[in-house]
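Have a look at the structure below, then the notes.
The first residue in the sequence is number 1, and the count goes up from there. Only heavy atoms go into these numbers, but all of them, side chains included; no hydrogens, no water, no symmetry mates.
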Amino acid sequence: MDDFQQPEETTIQSEEVSVIVKDAVDSVVGGNLQYDHAKVGHWVNAIIETCMKKLTALNKPFKFVISCLIMRKTGAGLHMASSTVWDITTDNLLLHKEESNKYLYCITTVYWTAL
């Protein structure tokens, strides 16, 4: 066994997180849902809560931080950046960009760090 390989119960694969986030985003703003300023707060909360429930249901020793941004497609520019310092053998992040909707962008970021 490789000395740097972590046991299965103390790791989370990015692919696993990606499926959870994509499913949550698709269930809330999937298809070509029209942008509605009055509903954006609800949509963001629903995406974050769904992701958090499914991630914590994995029952793995991690803390999670989830952010979600929904923006109307108007041609305006959007720039995002983040920086982290952590243990690269256990901690990670996933950025999911939903761009297939004609009316809005949805960018969801999940950070996870081992306890």
Close side-chain approach of M71 and L104, heavy atoms under 4.5 Å: no
Value rounded to 0.5 Å, distance of CG in D87 from OG1 in T90: 3.5 Å
Pairwise side chain to side chain donor-acceptor pair (under 3.5 Å) hits with a residue in residues 101-112, at least two apart: Q34-Y103, S82-Y111
Steps toward side chain to side chain donor-acceptor pair (under 3.5 Å) verdict (S14, E16): CA-CA 5 Å; S14 293; E16 193 173 17; over 6 Å; no
Any donor-acceptor N/O pair, E15 side chain to V17 backbone, under 3.5 Å: no
Distance (rounded to the nearest 0.5 Å) between K22 NZ and E98 CD: 6.0 Å
Closest non-hydrogen atom pair, A114 against D91: N-OD1, 2.7 Å
Shortest non-hydrogen separation from H96 to V25 and the atoms involved: CD2-CG2, 4.0 Å
Side-chain donor-acceptor distances from residues 41-58 under 3.5 Å, at least two apart:
from, atom 1, to, atom 2, distance (Å)
N45, ND2, G41, O, 3.3
T50, OG1, A46, O, 2.8
T56, OG1, M52, O, 2.8
T56, OG1, K53, O, 3.2

Side-chain donor or acceptor of K73 paired with backbone N/O of E99 under 3.5 Å: yes
Close side-chain approach of N92 and I12, heavy atoms under 4.5 Å: no
L69 and L78, any side-chain heavy atoms less than 4.5 Å apart: yes
Minimal non-hydrogen separation, A24 against S27, with atom names: O-OG, 2.8 Å
Heavy-atom side-chain proximity of V110 to L93 below 4.5 angstrom: no
Step-by-step side chain to side chain contact (heavy atoms under 4.5 Å, CB included) determination, I107 to M80: CA-CA 10 Å; I107 301 170; M80 293 179 59; 3.8 Å; yes
Stepwise side chain to side chain contact (heavy atoms under 4.5 Å, CB included) test for K63 and V65: CA-CA 7 Å; K63 291 182 180 181; V65 176; over 6 Å; no
CZ on F62 to OG1 on T113, rounded to 0.5 Å: 8.0 Å
